[in-house]
Visitor: 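Below are the structure tokens for one structure; questions will follow.
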Amino acid sequence: MKSTRAKEAPEPAAPAASAPTIAPTLDDPLAPAAAGRAADAPAPGPYDLAMEAGRDLRERPYSASGTLARLRQHAKDRMTVWERIDVLKDPGTTPTVLWQNWGKNLDGASLVTTVVSIRGREVALYGHDFTVRAGSMDATNGRKLANLIYLAGERGMPLVGMNDSAGAYVPAGVGGLDGYAEAFTALRRISGVAPSIMCMFGFNAGGGSYLPRQGSFVIQPADTFFGLTGPGVIKSVLGEDVTPDDLGGPKVHGASGVADVTVTDEVAALRTASRLLSYLPGSNKVMAPFEPTSDPVDRPTREIDVLLRKAFNSPSGMNTPIDVTLLIERICDHGDYFELQPDRARNAVTAFGRVGGNVVGFIANNSAVASGQIDVDAAYKIARFVRFCGIYNIPTIFMEDTTGFLPGRDQESRGIVQAGRAMLDAIIDLRTPRILLILRNAFGGAYAAFNSYATGASIVLALPTTRLAVMGTAGKEFVYKTELKQVRDDAARRVRDGVAQRVAAGASREDAKRDAEKEAADWLRAREAEFNARYEGELMNPREALSLGSISEIVDPGDLRSVLARHLDFLIRHYVPGPMESVQREFH
């Protein structure tokens with residue numbers, strides 16, 4: 001008989017052994033143990049010691065001077081070299097520092113050499129670190145600087161120098177002089193290959209002055225000095241008391257042309273260098289950077305028409321002076337241009353600008369200063385700028401409004417013939433597209449030398465106000481010689497007849513002579529004014545030049561920008577940039 005008892009449930013199995021658990025953690029198991037965390041942490045090995053030494057070497061150029069030296073630099077209202085680099089480079093970019101630890105002390109040897117990004121372009125840059133050995137130069141960092149300069153020339157990069165040096169390092173002996181000599185040689189050899197901009201900071205003497213002036217352009221802020229020697233040496237050798245500012249400050253170098261631009265402070269110098277770079281090519285093999293513009297190339301220049309109308313319809317008529325920078329401003333894209341040597345020879349204006357996005361060099365006579373006459377300083381200023389444009393593939397626009405070269409004993413004694421020759425040579429040698437725009441006066445040798453067709457101009461344009469002639473109204477003496485002699489004889493006869501009539505009427509001879517001479521002089525002045533007007537109407541105008549092909553086109557002032565842009569576009573499209581390959585002529 002089957003049991004009715006329910007089947008008993010099976011016995012439960014014995015629980016399995018529990019698996020080990022891993023507690024979560026945020027610590028990096030590969031990170032080195034924190035100090036004091038493990039008393040038995042192993043001592044640093046060879047790898048750790050090498051890494052620590054490497055960190056020290058990487059950081060030493062940035063901190064070798066120490067805090068006190070940096071504070072002393074700031075107390076003089078000067079930035080350190082690293083702060084200057086930070087101002088100049090593009091935000092968010094990191095400089096490529098070359099030869100970080102060159103020098104006996106492996107501290108950068110008071111000179112930083114880098115490649116930085118400025119406005120999106122690679123630029124070779126060096127800067128003296130005044131907080132280390134007063135930025136002085138010895139043999140090792142002279143070679144380091146020369147290597148950077150050669151790199152700029154080989155790679156087609158502009159060079160920027162931030163000069164703040166006490167000169168050669170005296171304890172280095174002749175090594176300091178050799179260092180400068182190597183840098184001199186390198187900078188000269190890339191001259192005409194890659195452009196360079198030199199910023200002057202602090203107090204620079206001797207080689208610290210020669211080296212930067214070998215560059216293409218020099219920018220000098222206020223409260224800085226550079227020169228052959230300092231005031232102390234001048235006092236001991238010549239017995240003269242002179243301040244650094246009066247010896248080698250911006251007001252001195254700006255007026256002489258040794259400094260191309262003077263500014264208020266270090267930041268302004270660096271910002272100016274960045275802006276000037278935007279107009280320069282990387283080398284002599286390429287054009288300057290093109291920048292698209294929203295300013296229409298066919299924008300009317302009505303302001304120029306209004307300016308000329310008010311000026312020439314004024315009481316002084318066609319002799320009214322005009323500031324030519326007002327015309328340059330209206331021609332350039334958005335009115336932006338960069339004038340060089342604005343504190344020297346203002347009777348001539350040299351400037352970079354853009355027309356339709358293309359960089360152009362402007363060379364203009366400025367009748368607002370000394371009637372725009374070309375003197376010694378203006379001729380050399382023009383010659384230097386024109387040669388730069390020719391070397392670096394920059395098209396030029398010459399704007400002529402001059403009564404000629406400035407005559408006189410002072411100019412002859414200073415060598416106006418030699419200076420004029422320097423300007424003429426530079427213009428004849430110019431190989432880039434070039435336009436001459438005659439605004440008003442174009443007389444004599446100044447016209448012949450100032451980028452006429454005969455000296456190689458690509459296009460010659462003229463405003464209707466052009467007065468092109470061998471000479472000004474004094475030319476009437478040669479053109480109307482016989483008629484003028486007759487008029488002057490009539491004036492003398494009027495004096496004699498007038499005296500006789502007045503004496504017969506009872507006047508004293510003295511009073512009669514005085515009144516008769518005044519009446520005859522007024523009459524003669526009016527007749528000569530008629531001859532002046534006749535000479536201007538017959539000869540001082542663009543008609544003869546047009547008939548001979550010396551001028552290709554008469555331009556309305558309101559169309560200046562569009563006409564210039566059209567011709568520039570054509571000329572640039574048919575120009576192949578490259579280094580100069582022709583024979584290099586002798587120069588002054």
Side-chain angles (χ1 to χ4, degrees), residues 62 65 67-91 93 95 110-112 114 116-119 123 125-132 134-135 158-167 195-205 208-209 211-213 215-227 230-231 242-280 336-344 346 351-352:
Y62 301 91
S65 59
T67 303
L68 287 178
R70 292 194 294 274
L71 291 175
R72 283 194 294 268
Q73 183 80 342
H74 291 163
K76 293 181 286 189
D77 288 332
R78 299 177 192 167
M79 291 185 285
T80 66
V81 65
W82 300 107
E83 290 166 342
R84 290 167 182 159
I85 291 174
D86 196 50
V87 170
L88 198 53
K89 71 179 181 64
D90 290 338
T93 61
S110 71
L111 186 75
V112 177
T114 71
V116 299
S117 175
I118 302 177
R119 294 178 179 247
V123 176
L125 181 145
Y126 76 85
H128 294 279
D129 188 349
F130 196 84
T131 65
V132 176
L159 174 71
V160 173
M162 301 188 300
N163 299 274
D164 188 1
S165 171
S196 54
I197 300 173
M198 300 294 169
C199 297
M200 306 304 300
F201 302 124
F203 191 101
N204 300 265
S209 298
L211 177 67
R213 188 50 278 181
S216 307
F217 303 103
V218 171
I219 301 171
Q220 185 179 14
D223 300 322
T224 61
F225 169 90
F226 71 98
V242 61
T243 66
D245 193 51
D246 290 334
L247 183 62
K251 67 180 180 181
V252 174
H253 293 316
S256 69
V258 174
D260 296 283
V261 184
T262 60
V263 294
T264 55
D265 54 33
E266 291 192 4
V267 173
L270 296 168
R271 297 299 189 204
T272 300
S274 174
R275 183 170 170 235
L276 178 54
L277 271 174
S278 70
Y279 293 101
L280 306 183
D336 187 35
Y337 65 95
F338 189 105
E339 185 175 354
L340 292 158
Q341 298 194 10
D343 301 323
R344 177 196 186 203
R346 286 284 296 170
F352 291 121

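Hydrogens, waters and symmetry mates play no part in the numbers below; they use all other heavy atoms, side chains included.
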Visitor: Please determine whether the number of non-hydrogen atoms from other residues, nucleotides or ligands lying under 6.0 Å from atom CG of D223 exceeds 12.
Guide: no
Visitor: Tell me, do I85 and M162 make a side-chain contact under 4.5 Å, heavy atoms counted?
Guide: yes
Visitor: I want to check something: taking the side chain as every heavy atom from C-beta on, are F201 and R78 in contact at a cut-off of under 4.5 Å?
Guide: no
Visitor: Rounded to the nearest 0.5 Å, how far apart are CG of L88 and CG of L277?
Guide: 7.5 Å
Visitor: Going by heavy atoms in the side chains, are K89 and V123 under 4.5 Å from each other?
Guide: no
Visitor: Working to the nearest 0.5 Å, report the span between CG of L270 and CZ of R275.
Guide: 15.0 Å
Visitor: As a test of understanding, state which of T272, L276, I197 forms a side-chain contact (heavy atoms from CB on, under 4.5 Å) with V261.
Guide: T272
Visitor: Just how far is it from atom OH of Y279 to atom CG of L340, taken to the nearest 0.5 Å?
Guide: 10.0 Å
Visitor: Are the aromatic ring centres of F352 and F338 under 6.0 angstrom apart?
Guide: no
Visitor: Atom OG1 in T80, atom CG in D86: separation rounded to 0.5 Å?
Guide: 9.0 Å
Visitor: Which atoms form the tightest heavy-atom contact between R344 and Q341, and what is the distance?
Guide: NH1-OE1, 2.9 Å
Visitor: Any idea which heavy atoms bring A259 and T262 closest together, and the distance?
Guide: CB-CG2, 4.3 Å
Visitor: P195 and S216: which non-hydrogen atoms are nearest, and at how many Å?
Guide: CA-OG, 3.6 Å
Visitor: Which atom names give the shortest non-hydrogen contact between M198 and Y126, and what distance separates them?
Guide: SD-OH, 3.4 Å
Visitor: Is R346 salt-bridged to E339, going by a charged N under 4.0 Å from an acidic O?
Guide: yes
Visitor: State the CZ-CZ distance between R84 and F130, to the nearest 0.5 angstrom.
Guide: 9.5 Å
Visitor: At their closest point, which heavy atom of G202 faces which heavy atom of D164, and how far apart are they?
Guide: CA-OD1, 3.7 Å
Visitor: Which residue in the set V81, N163, V112 passes side-chain contact (heavy atoms from CB on, under 4.5 Å) when paired with H128?
Guide: N163
Visitor: In plain terms, say whether D260 and R213 are close enough for a salt bridge, that is, a side-chain N and a carboxylate O under 4.0 Å apart.
Guide: yes
Visitor: Taking atom CG of D90 and atom OG of S274, what is their separation to the nearest 0.5 Å?
Guide: 7.5 Å
Visitor: So which atom in P250 and which in P221 form the shortest heavy-atom distance, rounded to 0.1 Å?
Guide: CG-O, 3.1 Å
Visitor: Looking at N204 and S165, would you say the former's side chain and the latter's main chain have a donor-acceptor pair under 3.5 Å?
Guide: yes
Visitor: For Q220 and H253, indicate whether the former's side chain and the latter's backbone hold a donor-acceptor pair under 3.5 Å.
Guide: no
